Amino acid sequence: MTTDTENDPQPQIADGGDETNNSAPENGIDNPTATADTSAAAEAGEATPAAEVTAETEEAQKENNGSGVPFLIDTAESLTINDDADADDKKGAEEEETATNNNNTNTEGEANEEESKPIIKKVVPPLPLDWTKMAECNEEDISPADQIRYPWDVMDIPLPPDQSETQFLIVGTAGQKITRMGSNLCDYVSENLTHLVLRSHLIRTMEGISKLKHLELLELYDNMIDEIGDLSTGQVDNGEEEDDGLPAKNLRVLDISYNVIRDMNPVSQCLNLQELYIAQNKIKSIRGIGQLTQLRKIDLGANRIRVMEEEELSGLINLEELWLGKNKIEHIGGISKLTKLRRLDVQSNRLTSIENLEGQVDTLEELYLAHNGIDVEGAKCPTGLALPFKQLNTIDMSRNRLTDTSPFAHLTSLNELWISGNDIKTFDDVEYIRSLVELDGVYLEYNPVASDFEYRKKLVEIVPNLTQIDATMVGGIAQHGYLSGGGSGDNLLERMRQMQDQVIRKAAAETETETSVSKVDDE
């Protein structure tokens, strides 16, 4: 019987470098038909491929030095290996499933244990909010401005007050600042009080003044007052006015500088006022002084004034000093009728020219215009420094835009000229003041010309009468009589020796006198 072996599965052979077929039997099962055909061929005595392979395998084993390693992998053996691998995988999967089940069991057990435990609710303590609450403050903890402190709280005042006292003065110090004047102030001071001074306190309101009928000087400098008030009673009794205008009518001096006042109109009640100080406040316009014909001095510096109101200033026919420094004024004006004005201060404003000074040609003595924007042309205005002032002895035009000294050439009455911090570059620009024979002090520092090596020497050559240049005396102190004997080094040394000898002689005389007195006492 003939057997067809074309489709028989061939065993895998590893023959050194020969091609190797590692295919496993299909579905992991040997082909029984092929096995039967092979057995039949063997019975018939025919050589089969398997026999040939066996012979070749034996030869290969011999060539392999008897290592015993089989090169023929039987199909049954391959199936066994695969079955073992599958078994291992199945075993691992079973172990993993068992572990998962155990974990689930443990988790369920723990959950049951937790359910069986009693539930304990945690009570959260309240937040410590005491620090957020306003605590009760002692008097020491309150701001000084919020404390209530009267004049009699910081000063021992005898009661009843001495009626002969005419002055009451308290200057604030640390920890002893008054915050309220007290509406009953008149009960603690003399009825004849003429001077009331409460300087450097924390007073916000003017009160307790209206009953001080004889008051002539009121000083509330450096407080926190925002309104001028209580300068008269303003009361009506039985249909008849009791307001006689006192103490406002008697006031001669009112100083309310360094406060926060915005309206100065209430000073119009003080018809006999002679000196008014309202510097360093928040005043924007000049008001309430038009009828104060007795006013001689007014200080409105360091406010917010922009215009010199002619309507208010023209009535001050006796005014001698007008101080308007540190404001926002752009033009000098409103002073044409102030024919008694001697001092005018408009420094630190916004001036670019000097004008409207015709009314002060015969009286003006001091003119302060520092820290403005005035140049030579602005200073030469026909109604400004070009006028022939007769009494003008001091001019301060420091920190302006001057380039020479020509505006001062005709002011022969000048004694002091302050023009430091301008743009004067050469001594030719200084030559204009050669004609000022009365000039004895000049300030030219912080000008380009002051950097010249011989600055002082050349300046003295231009103005021989100078006794002071900038802040230094010309020639030293010896030339001004502070040391007799001249200013040379030899004379000064000789003078010092004489003074030393005088001291020694005086000490020797005192010692001799003490010695003689002690001898007399011993005898």
Side-chain angles (χ1 to χ4, degrees), residues 301 325-326 329-330 332 343-355 364-381 384-387 389 392-483 486-489 491-492:
K326 293 186 178 179
I329 299 170
E330 297 180 359
I332 298 175
R343 293 185 180 90
L344 176 61
D345 174 17
V346 201
Q347 63 181 330
S348 297
N349 277 275
R350 301 175 180 179
L351 302 178
T352 56
S353 61
I354 306 172
E355 53 190 348
L364 192 62
E365 298 176 3
E366 300 175 10
L367 181 61
Y368 301 98
L369 301 172
H371 293 272
N372 278 288
I374 304 170
D375 57 13
V376 172
E377 296 301 322
K380 287 182 175 181
C381 288
L385 288 184
L387 295 170
F389 293 95
L392 191 58
N393 57 62
T394 302
I395 293 180
D396 183 1
M397 289 191 64
S398 302
R399 303 292 177 180
N400 276 279
R401 300 175 181 176
L402 299 176
T403 54
D404 60 51
T405 58
S406 59
F408 318 108
H410 64 289
L411 302 175
T412 56
S413 60
L414 275 182
N415 297 130
E416 293 189 18
L417 178 60
W418 300 349
I419 49 176
S420 59
N422 279 277
D423 194 24
I424 300 173
K425 298 178 179 178
T426 67
F427 286 100
D428 291 336
D429 299 327
V430 184
E431 278 287 338
Y432 297 100
I433 62 174
R434 183 182 290 274
S435 59
L436 304 182
V437 294
E438 298 292 332
L439 191 64
D440 59 9
V442 63
Y443 283 76
L444 269 168
E445 58 187 345
Y446 304 116
N447 278 281
V449 69
S451 61
D452 189 279
F453 181 74
E454 295 184 321
Y455 159 66
R456 296 177 62 83
K457 178 182 177 181
K458 291 180 179 179
L459 203 53
V460 172
E461 291 176 356
I462 295 173
V463 188
N465 293 328
L466 285 178
T467 60
Q468 181 175 332
I469 298 176
D470 300 331
T472 308
M473 291 182 175
V474 176
I477 60 175
Q479 291 190 7
H480 299 275
Y482 295 100
L483 286 175
S488 65
N491 292 334
L492 181 60

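Note that the structure is predicted; figures quoted are calculated from it, not measured.
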Side chains of Q468 and D440: does their closest heavy-atom pair fall under 4.5 Å? no
Would you say L414 and I433 make side-chain contact, with heavy atoms under 4.5 Å? no
Criterion side-chain hydrogen bond (donor to acceptor under 3.5 Å, both in side chains) against D470, the qualifying member of Y446, Y455, Y443: Y455
Can you list the steps and then say if D404 with S406 is a side chain to side chain donor-acceptor pair (under 3.5 Å)? CA-CA 6 Å; D404 60 51; S406 59; 2.5 Å; yes
Measure from the side-chain N and O atoms of T405 to the backbone N and O of D429, and report whether any donor-acceptor pair falls under 3.5 Å. yes
Looking at L385, is its backbone amide N or carbonyl O close enough to the side chain of H410 to form a donor-acceptor pair, meaning the two atoms are under 3.5 Å apart? yes
Of all the heavy-atom pairs spanning [X] and [Y], show the shortest one and how long it is.
X    : Y    : answer
F389 : S413 : O-OG, 4.0 Å
L466 : L459 : CD1-O, 3.9 Å
S398 : N422 : CA-ND2, 4.1 Å
I354 : L369 : CD1-CD1, 3.4 Å
K380 : A386 : O-CB, 3.7 Å
E454 : D452 : N-OD1, 2.8 Å

Begin from the C-alpha positions of I419 and L444 and carry the test side chain to side chain contact (heavy atoms under 4.5 Å, CB included) through to its verdict. CA-CA 6 Å; I419 49 176; L444 269 168; 3.6 Å; yes
Might you work through the side chain to side chain contact (heavy atoms under 4.5 Å, CB included) test for R456 and T472, ending with a clear yes or no? CA-CA 10 Å; R456 296 177 62 83; T472 308; 3.8 Å; yes
Residues N465, L439; criterion side chain to side chain contact (heavy atoms under 4.5 Å, CB included); working and verdict: CA-CA 7 Å; N465 293 328; L439 191 64; over 6 Å; no
Would you say R401 has more than 12 foreign heavy atoms packed within less than 6.0 Å of its CZ? no
Determine the interplanar angle of the W418 and Y368 rings, folded into 0 to 90°, and report it as parallel if under 30°, tilted if 30 to 60°, perpendicular if over 60°. tilted
Pair F408-L402, side chain to side chain contact (heavy atoms under 4.5 Å, CB included): steps then yes or no: CA-CA 11 Å; F408 318 108; L402 299 176; 3.8 Å; yes
